[in-house]
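Report on the structure given below.
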Amino acid sequence: MRLSSRAASLLAVAAALPLALTACSSDSSDTGSSASTKSAKAKDPNAGLVTGTQLKKALAPASEFPAGFALQADNSADSGSQFLDPEAKSTAKTDCTRLLGTSWIQVTGYKGGVSFAQNDYAVKDQTQDLAQEIDEFQGTTAEAVMKEFASVATACAAFTDSDTHATVKTVGKSTAGLGDDAYTLTLTSGAWQNGTTLIAARSGSAVVTVMSTAGSDNGAASAKKLTTTVLSRLK
């Protein structure tokens, strides 16, 4: 809808220019020409960003996942060749239950980037899961998203799993050695056989988010390995 509105505005401006030029003096005409030139040189906010189609190629391939893990087609998606309209950060209360699923980046209040790609690999009985997502953001939004994870760790230090009705504990920490900056969240519960590790890592304007319940270490090692792989493919 916003693209249609922008197109309509541009058409209205273009239609008005001939009338303005006819009514104005040569000096005014020069001013109008200058304004038009500045408008033409306005920076595209998506300049330098990559599309969802391109991000899909940066996701870790099946060969990077442990034996027994298969792609979950229902959780595979990307934004294609077009950029999405950016959305403002939500001011609603933190929904900690988003940490329990894929696309958990939304727990920050940011719905996602102007482009994205994601998929999910799991073992047959769904007891172990590895999910990956990449979101591209305009301007400095990626840095703003990363700053939210510390707040999430505090807000979600203890919350209720809606499926098991058990208490989930969350511990967060900044993580060195992954991208430009990174943050790790570890989720545990007495009702679970294994915990969950969530890693968010920024590379320029892109934020990689990974979720893992694989292994006996709350998914820590497999989450770090997957994050490292995706970051290397983004370069």
Side-chain angles (χ1 to χ4, degrees), residues 52-79 96-108 112-113 115-136 145-146 149 152-153 156 161-164 166 168-179 181-189 191-203 206-235:
T53 301
Q54 294 169 304
L55 290 176
K56 182 179 180 180
K57 297 178 182 178
L59 294 174
S63 59
E64 292 292 333
F65 291 83
F69 280 75
L71 179 66
Q72 307 299 293
D74 290 346
N75 288 335
S76 300
D78 65 81
S79 54
C96 298
T97 61
R98 286 192 178 278
L99 294 173
L100 303 175
T102 58
S103 291
W104 59 271
I105 191 173
Q106 296 183 37
V107 74
T108 61
S115 62
F116 78 93
Q118 67 179 93
N119 62 30
D120 183 15
Y121 285 75
V123 295
K124 190 173 182 179
D125 63 3
Q126 304 291 314
T127 56
Q128 295 188 68
D129 194 21
L130 276 163
Q132 57 181 339
E133 180 172 346
I134 312 171
D135 287 87
E136 277 271 17
V145 171
M146 292 301 301
F149 290 111
V152 168
C156 301
D161 179 350
S162 56
D163 290 332
T164 63
V168 178
K169 294 183 178 181
T170 303
V171 176
K173 64 177 181 179
S174 295
T175 307
L178 291 174
D181 54 284
Y183 200 86
T184 299
L185 295 165
T186 303
L187 281 58
T188 56
S189 174
W192 299 350
Q193 292 182 348
N194 191 34
T196 301
T197 294
L198 308 173
I199 298 178
R202 182 178 66 85
S203 177
V207 176
V208 174
T209 45
V210 163
M211 176 186 74
S212 177
T213 61
S216 58
D217 60 349
N218 298 326
S222 54
K224 184 176 182 180
K225 179 181 178 181
L226 182 55
T227 304
T228 301
T229 298
V230 177
L231 287 170
S232 67
R233 292 171 64 85
L234 272 173
K235 295 180 179 179

Subject >> Pairwise side-chain contact, Val152 with Leu99, heavy-atom cut-off 4.5 Å (strictly under) >> reply: yes

Original post:
Quick one: OG on Ser79 to NZ on Lys56, what's the gap to the nearest 0.5 Å?
Top reply: 11.0 Å

**OP:** Would you check if there is a donor-acceptor pair between the side chains of Thr175 and Thr184 at a distance under 3.5 Å?
**Re:** yes

Subject >> Residue pair Gln118 / Ser103, side-chain donor-acceptor N/O under 3.5 Å >> reply: yes

**OP:** Using a 4.5 Å cut-off on heavy atoms from C-beta on, say whether the side chain of Gln132 contacts that of Asn119.
**Re:** yes

Original post:
How many angstroms lie between atom CE of Met211 and atom OG1 of Thr197, to the nearest 0.5 angstrom?
Top reply: 11.0 Å

Original post:
Hey, are the side chains of Pro61 and Arg233 touching, using non-hydrogen atoms and a 4.5 Å cut-off?
Top reply: yes

Subject >> Euclidean distance, Asp135 CG relative to Gln106 CD, rounded to 0.5 Å >> reply: 8.5 Å

Original post:
Does Leu187 reach the side chain of Leu100, with side-chain heavy atoms less than 4.5 Å apart?
Top reply: yes

Subject >> Distance, nearest 0.5 Å, that separates CG of Leu198 from OG1 of Thr170 >> reply: 8.0 Å

Original post:
Is the shortest heavy-atom distance from the side chain of Trp104 to the side chain of Leu185 under 4.5 Å?
Top reply: yes

Subject >> Straight-line distance of Ile105 CD1 to Phe149 CZ, nearest 0.5 Å >> reply: 5.0 Å

**OP:** Determine which pairs satisfy side-chain hydrogen bond (donor to acceptor under 3.5 Å, both in side chains) with at least one residue from residues 60-73, sequence neighbours left out, and list them in order.
**Re:** Gln72-Gln126

**OP:** For the pair Asp120 (side chain) and Asp129 (backbone), establish whether a donor and an acceptor sit closer than 3.5 Å, ignoring hydrogens and angles.
**Re:** no

**OP:** If a pair satisfies side-chain hydrogen bond (donor to acceptor under 3.5 Å, both in side chains) and one of its residues is in residues 209-225, list it, with sequence neighbours excluded.
**Re:** Ser212-Ser222

**OP:** Would you indicate whether Asp125, at its atom CG, is surrounded by more than 12 heavy atoms from other residues, nucleotides or ligands within a distance under 6.0 Å?
**Re:** yes

**OP:** Search all heavy atoms of Ile134 against all heavy atoms of Ala206 and return the closest pair with its distance.
**Re:** CG2-CB, 4.1 Å

Original post:
With side chains defined as the heavy atoms from C-beta onward, is the minimum distance between Pro66 and Leu130 less than 4.5 Å?
Top reply: yes

Subject >> Residue pair Ala214 / Phe69: nearest heavy atoms and the distance that separates them >> reply: CB-CZ, 3.8 Å

Original post:
Could you state the interatomic distance from CG (Leu55) to CD (Glu133), rounded to the nearest 0.5 Å?
Top reply: 10.0 Å

Original post:
Are side-chain heavy atoms of Leu71 and Phe65 found at a separation under 4.5 Å?
Top reply: no

**OP:** List the atom of Ala58, the atom of Leu234, and the distance in Å for their closest heavy-atom pair.
**Re:** CB-CD2, 3.9 Å

